[in-house]
Amino acid sequence: MDSTQWIIFILVVQVIHFLGTWKLYVKAGRKAWEAAIPIYNGIVLMQIINRPKWWVLLLFIPIINLLMFPVVWVETIRSFGKNSLLDTWLVILTLGFYTYYINYTQDVKYIEERDTNPRTAIGEWVSSIVFAVVAATFVHTYFIQPYVIPTGSLEKTLLIGDFLFVSKFHYGARVPMTTVAAPMVHDTIPLIAKRSYLDKPQLPYFRLPGFQKIDRNEIVVFSWPADTVRQFYKKEKGVRKPIDKKSNYVKRCVGIPGDTLSIVDGFVHINGKQTVLPDREKTQITYNVYSKTGVSSRDLKAAGTDDYYRVYVTKSPIQFTDQHERILGKYIRSGIKRADGRLELRTGPKGFPMAAVRESRISFVEETARRREANLTKEMVAALEKNSKIDSIVKILEPKGQRGTSVFPHDSDYAWNRDNFGPMYIPKKGATIPLNLKVLPLYKRIIRLYEGNTVGISGNQVIINGEVADSYTFKQDYYWMMGDNRHSSEDSRFWGYVPADHIVGKPIFIWLSIDGINDGIKNWRPRWDRFFTTVSGDGEPRSYFRYFLILLAGYFVFDFFKKKRKKKTS
């Protein structure tokens, strides 16, 4: 919906409110016309139902208003003596239209000095829950959102199982565009796995003022531009989702609006110069590690990496059954049957648990190959180079001029890959670029999908909105996001730019970190040194967990003596 449509919608809502309540306003000693004036009618209604005037603000905050409208409906009918459970359900289930029945058919009396406190313990409990949800939703939507790292695209900077607090106010909170949605959840309702929102109506994009812009090389949470899945890892026909209901991704912003970006042999260059990364950034690249005696998993683990394959081979030919799949399947990443009938199975760095091997009754031997691939940081490479068993370490790079698989802009004229890419201009709001058939693949998605134009080609000419165009001026800023785990990250190299209206917030704090978060609760192991650490900053991350515990203990001691003193004086 555009601005004009929203004004019309709001006016219609005001008319509906007036027609359903004007007699009630009169019975409360007010004028009928007071029910028709936008905003003012809300202030008057709060006086009628004996509630704070600032509640009116909550009625205009997207998502929060969905929780507040039923509360106001119930408070309104109770101000006129309709206190039964049936009345409460009727006004909620009819979306407030039950007030029409009361307004026109019931001879109700206004209760001026109505007691607004809950009459029962259950009522008090429900009231507390409602306002706790309202407060939590307000904080979640406009200030701080919890987020958990689900994948390894930022390893070793941020780890799978890191629980983050993401600030919405640093860059300015994005006002929800999806107006009808379940609170405190994203695109899917847990347990029932159903969509949590309605596609319409949609608000125009608007962002509250922030106090900083996105800096180059900051870690940012954003809505995944290419998201067409309702649920990850579930086969389903592609869907088009509202911007604020697209899946949230977290990456490093390596390019900001106005930059010219290129990647040379795996290193990001901005405006022709290799970018200088923060000292907490831990870039990982895939290497071949060689040893005449075999590269053991123990040596790789000792260097600090946990991103490599382990290869297990059965001691004899065997038929892999459904029973074996049930026991071992979740640990296997790939597998083949060798010419001699033996199975070769690849797992992650943790391998097969001994209990699972015993239950499967399969005899394995782990192969220690002379060449093994592993994702390594420069510190890990240095550690392996000091190992006398290791002969050499060679970085695996896709050469310049070789077109990569599924690499942006997905056009045969651009022989780019994940390690050698660009140069390419990152659009800035208000900037104008020359437009021709050569340049079009880089910006077609922006012009068509993100900025709402029609794009076509006629001969050697580009057609935008039915007219020949030899230039284009961008309507918003764009960013380039990449994972620190360069060869295990789905990022802008594959699906392109991130528009400004897709930015969610800035991760500021790791409050909890669990190793094995995806392996079941029995396998969870707290990473105590990461509890209560900051995401940004200089030097190694420092945990403030002990200070939090000290403050918490201090609070309980203070509260204990406060209650004890109060008991003595009473």
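Just so it is clear, the values below take in all heavy atoms, side chains as well, and ignore hydrogens, waters and symmetry mates. This one's a predicted model, so the numbers in the text were calculated from it and none came from an experiment.
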For the residue pair [X] and [Y], what are the closest heavy atoms and their distance?
X	Y	value
Asn420	Pro399	ND2-C, 3.8 Å
Ile393	Val381	CD1-O, 3.7 Å
Pro257	Asp477	CG-CB, 3.4 Å
Leu384	Ala303	CG-CB, 3.6 Å
Ser406	Phe494	O-CD2, 3.4 Å

Which class fits the ring pair Phe531 and Trp528: parallel under 30°, tilted 30 to 60°, perpendicular over 60°?
->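 Answer is tilted, since the angle falls between 30° and 60°.
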
Whether over 12 other heavy atoms sit under 6.0 Å from Lys350 NZ |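 Count over threshold, so yes.
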
Determine, stepwise, if the pair Arg370 / Tyr290 fulfils side chain to side chain donor-acceptor pair (under 3.5 Å).
-> CA-CA 6 Å; Arg370 294 181 179 180; Tyr290 296 90; over 6 Å; no

Worked check of side chain to side chain donor-acceptor pair (under 3.5 Å) between Tyr205 and Arg207 = CA-CA 7 Å; Tyr205 166 69; Arg207 188 177 295 276; 2.8 Å; yes

Please output the side-chain donor-acceptor pairs of residues 421-431 that fall under 3.5 Å, not counting sequence neighbours, one pair per line with the distance.
none

With sequence neighbours excluded, tell me which residues meet side-chain hydrogen bond (donor to acceptor under 3.5 Å, both in side chains) with [X].
X	answer
Lys245	none
Asp162	Ser513, Arg530
Tyr497	none
Glu344	Arg338

How would you list, by chain and number, every residue that makes a ring pair (Phe, Tyr, Trp, His ring centres under 6.0 Å) with [X], sequence neighbours excluded?
X	value
His487	none
Tyr544	none
Tyr414	Trp416
Tyr312	Phe352

Lys/Arg N to Asp/Glu carboxylate O, [X] vs [Y], below 4.0 Å:
X	Y	result
Lys292	Asp391	no
Arg216	Asp259	yes
Asp515	Arg527	yes
Arg486	Asp491	no

Identify the residue among Phe163, Phe165, Phe509 that makes a ring pair (Phe, Tyr, Trp, His ring centres under 6.0 Å) with Phe532.
->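 Exactly one pass, corresponding to Phe509.
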
Give the C-alpha distance, both sets of side-chain angles, the deciding distance and a yes or no for side chain to side chain donor-acceptor pair (under 3.5 Å) between Ser153 and Lys251.
-> CA-CA 8 Å; Ser153 66; Lys251 308 285 183 186; 3.0 Å; yes

From the options Ile508, Val166, Leu164, select the one residue that forms a side chain to side chain contact (heavy atoms under 4.5 Å, CB included) with Val535.
->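 Single pass found, and it is Leu164.
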
Decide yes or no on side chain to side chain donor-acceptor pair (under 3.5 Å) for Arg372 and Ser297, but give the supporting numbers first.
-> CA-CA 9 Å; Arg372 295 183 67 176; Ser297 298; 3.1 Å; yes

Flag the pair Tyr142 / Phe169 as yes when their ring centroid distance falls below 6.0 Å, and as no otherwise.
->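 Tyr142 vs Phe169: aromatic centres not under 6.0 Å.
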
Are Tyr479 and His502 an aromatic pair by the rule of ring centers under 6.0 Å?
->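 So the answer is no for these two rings.
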
Can you find a heavy atom in the side chain of Leu203 that is under 4.5 Å from one in the side chain of Pro176?
->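 Heavy-atom side-chain distance check fails, nothing below 4.5 Å.
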
Among Asp484, Asp306, Asn375, Thr377, which one satisfies side-chain hydrogen bond (donor to acceptor under 3.5 Å, both in side chains) with Lys156?
->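 It is Asp306; the other options fail the test.
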
Looking at Asp244, Asp199, Asp187, which hits side-chain hydrogen bond (donor to acceptor under 3.5 Å, both in side chains) with Thr178?
->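 Result: among Asp244, Asp199, Asp187, Asp244 is the only option passing the side-chain hydrogen bond (donor to acceptor under 3.5 Å, both in side chains) with Thr178.
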
With rounding to the nearest 0.5 Å, note down the distance linking CG in Leu158 to OH in Tyr147.
->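 It comes to 10.0 Å.
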
Please report, to 0.1 Å, the donor-acceptor pairs under 3.5 Å made by any side chain of residues 261-277, with sequence neighbours excluded.
| unit_1 | atom_1 | unit_2 | atom_2 | d |
| --- | --- | --- | --- | --- |
| His269 | ND1 | Phe267 | O | 3.1 |
| Asn271 | OD1 | Thr260 | N | 2.9 |
| Thr275 | OG1 | Asn217 | ND2 | 3.2 |

Which pairs count as side chain to side chain donor-acceptor pair (under 3.5 Å) when at least one residue sits in residues 431-443, sequence neighbours excluded?
->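 Every side chain to side chain donor-acceptor pair (under 3.5 Å) pair that includes a residue of residues 431-443, provided the two are not neighbours, is Thr432-Thr473.
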
For residues 455-466, please give each side-chain donor-acceptor pair under 3.5 Å, one per line with the distance, not counting sequence neighbours.
| unit_1 | atom_1 | unit_2 | atom_2 | d |
| --- | --- | --- | --- | --- |
| Asn465 | OD1 | Thr454 | N | 2.9 |
| Asn465 | OD1 | Thr454 | OG1 | 3.3 |
| Asn465 | ND2 | Asn453 | OD1 | 2.9 |

